[in-house]
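Presented below is the structure to which this report refers.
Residue numbering restarts at 1 for every chain, and letters A, B, ... go by the order of the sequence lines. No hydrogens, no waters, no symmetry mates; every other heavy atom, side chains included, goes into these values.
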2 protein chains.
Amino acid sequence: MGTKGSANRQRIVDAADYLFYSRGYNQTSFSDISDKTGIPRGNFYYYFKTKEDILAAVVDARLIEFKDMLKCCENAASGPLERLHALVQFPLQRETQILQYGCPIGSLSSELVKDQDTEISQTRLTAVFDLLKNWIEEQLNKLGQSARGDDIAKDLLAKMQGIIIIANVYRDAEFLRRGINDIQSWLNQTLSH
Amino acid sequence: MGTKGSANRQRIVDAADYLFYSRGYNQTSFSDISDKTGIPRGNFYYYFKTKEDILAAVVDARLIEFKDMLKCCENAASGPLERLHALVQFPLQRETQILQYGCPIGSLSSELVKDQDTEISQTRLTAVFDLLKNWIEEQLNKLGQSARGDDIAKDLLAKMQGIIIIANVYRDAEFLRRGINDIQSWLNQTLSH
DNA sequence: TAAAAAATAATACGATTGTCTTAGAATAGG
DNA sequence: CCTATTCTAAGACAATCGTATTATTTTTTA
């Protein structure tokens, strides 16, 4: 089995991941990925049958990235509440990118719901949201919030998405920090009983 | 001065407005607009020099739409708090579209921050957000919240964007209604003192 | 090391993109 | 009514899109 090939495949996915994030899926062409990797445009067909296949691979890659992030949150704290706080604070580590390009899943999702053809990848994208939602619910369960777990998890995701959208539109780092702070206060208030 | 011409121009803008919302700006071609209006593709150049000019016209149209919406909120209620509630409730009137395509300004804005070339229209888009923000601040001023007006206005916008994003991703009408309800509770709580 | 498989390079394909031109039709004002 | 202007129809334009093919080189396996 070729090991060189899968390395090049990964380079394509990495370049596409970055470009889909910074320019958007539909605004990224094969030529763009070719320029960034040095791999000839026509060669992509060897690894991926269609552009949507590349998208699927990128979404899979982001799934892994977010799983790593959640693992990181689990390692950073032992208690469920502290882990939730770690999750909420994560955008601060990506402040520059967040302010420039928004949320890696939120913005891609917003773009893809408008594509009628890419239904397959759309379901994959909600899978990323579900990954986060399930993890949040897991922490809430440990805090005895199993009843309203689904609602609170969605609320938390909505709050984070909203903060990121506005911070992105106004390129307002201060608002991002304050917004995340407010979410943490809300978390403490909601989960103390 | 020709009156027929400006009518056709308006038809182009209307079709583009709908298509940009339902499919996205970059996923809408001149051919799409041509198909929807029956106006030959090559004819657009008579009214608009570039595609971005059409975008600018669409953004202007949405500015007017949102101004109308704000006027509608002003007519619906006499007090500033009630007017804010009217604004918050507005997405419920567009429930179907919101669930399908998201927010008309939020989603377009998310798409355009990623375009490096369309800076001009990007500033126009923040103008739509500013329109809302200024109106909200205006109501807050009347409620004696002039000090934290900017912060609260951004918070309100963020909350609405977040709710709409999640409701859109999960196509969850119930969450949309509950989320808006929660925003109203938050409004009452924040502005009562 | 020889045969098989995997990977690379380069290019061609039809379709579509946004842009632009031009000839003619409709409509206006004098 | 005639001229000038505004508008419409149709299509050409180069560039780029995603896709596909083929010949060749590299790597793996036996």
Side-chain angles (χ1 to χ4, degrees), chain A residues 1-20 22-59 108 111-112 114-122, chain B residues 1-20 22-59 108 111-112 114-122:
Chain A
M1 236 179 238
T3 53
K4 181 98 172 290
S6 50
N8 261 5
R9 194 196 127 101
Q10 192 58 42
R11 283 175 56 215
I12 294 175
V13 173
D14 288 344
D17 192 353
Y18 172 77
L19 289 168
F20 290 176
S22 58
R23 301 185 190 181
Y25 171 70
N26 288 286
Q27 291 89 268
T28 300
S29 70
F30 280 55
S31 297
D32 292 331
I33 306 174
S34 173
D35 291 345
K36 192 149 190 71
T37 57
I39 299 169
R41 195 171 82 260
N43 247 30
F44 296 166
Y45 188 69
Y46 178 75
Y47 301 102
F48 308 96
K49 292 227 182 353
T50 65
K51 191 186 180 186
E52 200 175 331
D53 283 347
I54 300 184
L55 174 61
V58 167
V59 173
L108 186 57
E111 184 180 356
L112 293 183
K114 310 226 168 189
D115 274 326
Q116 53 264 54
D117 309 325
T118 48
E119 309 149 22
I120 312 128
S121 301
Q122 171 60 19
Chain B
M1 238 179 236
T3 53
K4 181 98 172 289
S6 49
N8 261 4
R9 194 197 127 103
Q10 191 58 42
R11 282 174 56 213
I12 295 175
V13 173
D14 289 344
D17 192 353
Y18 173 76
L19 289 168
F20 290 176
S22 57
R23 303 186 189 182
Y25 171 69
N26 288 286
Q27 291 90 266
T28 300
S29 69
F30 279 57
S31 297
D32 292 330
I33 305 175
S34 173
D35 290 346
K36 194 150 189 66
T37 57
I39 299 169
R41 196 170 82 259
N43 245 29
F44 297 166
Y45 188 70
Y46 178 76
Y47 301 103
F48 309 96
K49 293 227 181 353
T50 64
K51 191 185 179 186
E52 201 175 328
D53 283 348
I54 300 183
L55 175 60
V58 167
V59 173
L108 186 57
E111 185 180 355
L112 294 182
K114 310 225 168 189
D115 275 326
Q116 53 266 54
D117 308 326
T118 47
E119 310 148 22
I120 313 127
S121 300
Q122 171 59 19

Salt bridge (charged side-chain N to carboxylate O under 4.0 Å, His left out) contacts in which one or both residues fall within residues 22-43 of chain A, not counting sequence neighbours | A/Arg23-A/Asp32
Looking at DNA chain D, which of residues 30-41 of chain A put a heavy atom within less than 4.0 Å of it?
-> A/Phe30, A/Ser31, A/Arg41
Could you check B/Leu108, B/Ile54, B/Leu19 and say which one makes a side chain to side chain contact (heavy atoms under 4.5 Å, CB included) with B/Tyr25?
-> B/Leu108
Sequence neighbours excluded, which residues qualify as side-chain hydrogen bond (donor to acceptor under 3.5 Å, both in side chains) partners of A/Asp14?
-> A/Gln10
Between NZ of B/Lys49 and P of C/dC20 the distance, given in whole Å, is 10 Å
To the nearest Å, how far apart are A/Tyr45 OH and D/dA23 C1'?
-> 17 Å
For A/Asn26, what residues pass the side-chain hydrogen bond (donor to acceptor under 3.5 Å, both in side chains) criterion, not counting sequence neighbours?
-> A/Glu111, A/Asp115, B/Gln27
Which nucleotide in C/dT19, D/dT19, D/dT6 has an atom nearest any side-chain atom of B/Lys51 | C/dT19
Tell me: OH of A/Tyr47 to C1' of D/dT21, nearest whole Å?
-> 17 Å
In whole angstroms, how far is the P atom of D/dC7 from the CD1 atom of B/Ile12?
-> 12 Å
C/dT22 P sits how many Å from B/Asn43 CG, rounded?
-> 16 Å
Between C/dT17 (C1') and B/Arg23 (CZ): distance, integer Å | 15 Å
Measure from CZ on B/Phe48 to P on C/dC20 and round the result to the nearest Å.
-> 15 Å
May I ask you to check whether over 12 heavy atoms, not counting those of B/Tyr18, lie within 6.0 Å of atom OH?
-> no
Of all the nucleotides listed (C/dA7, D/dC17, C/dT19), which has the minimum atom distance to the side chain of A/Ser29?
-> D/dC17
Spacing between B/Tyr25 atom OH and C/dT17 atom C1', to the nearest angstrom = 12 Å
Report yes if a side-chain nitrogen or oxygen of A/Asn8 is closer than 4.0 Å to either non-bridging phosphate oxygen (OP1 or OP2) of C/dA7; otherwise report no.
-> no
Could you list the residues that satisfy ring-ring contact (aromatic ring centres under 6.0 Å, His included) with A/Phe30, not counting sequence neighbours?
-> A/Phe44
Partner of B/Asn8 under side chain to side chain contact (heavy atoms under 4.5 Å, CB included), chosen from B/Thr37, B/Ile39, B/Val13 = B/Ile39
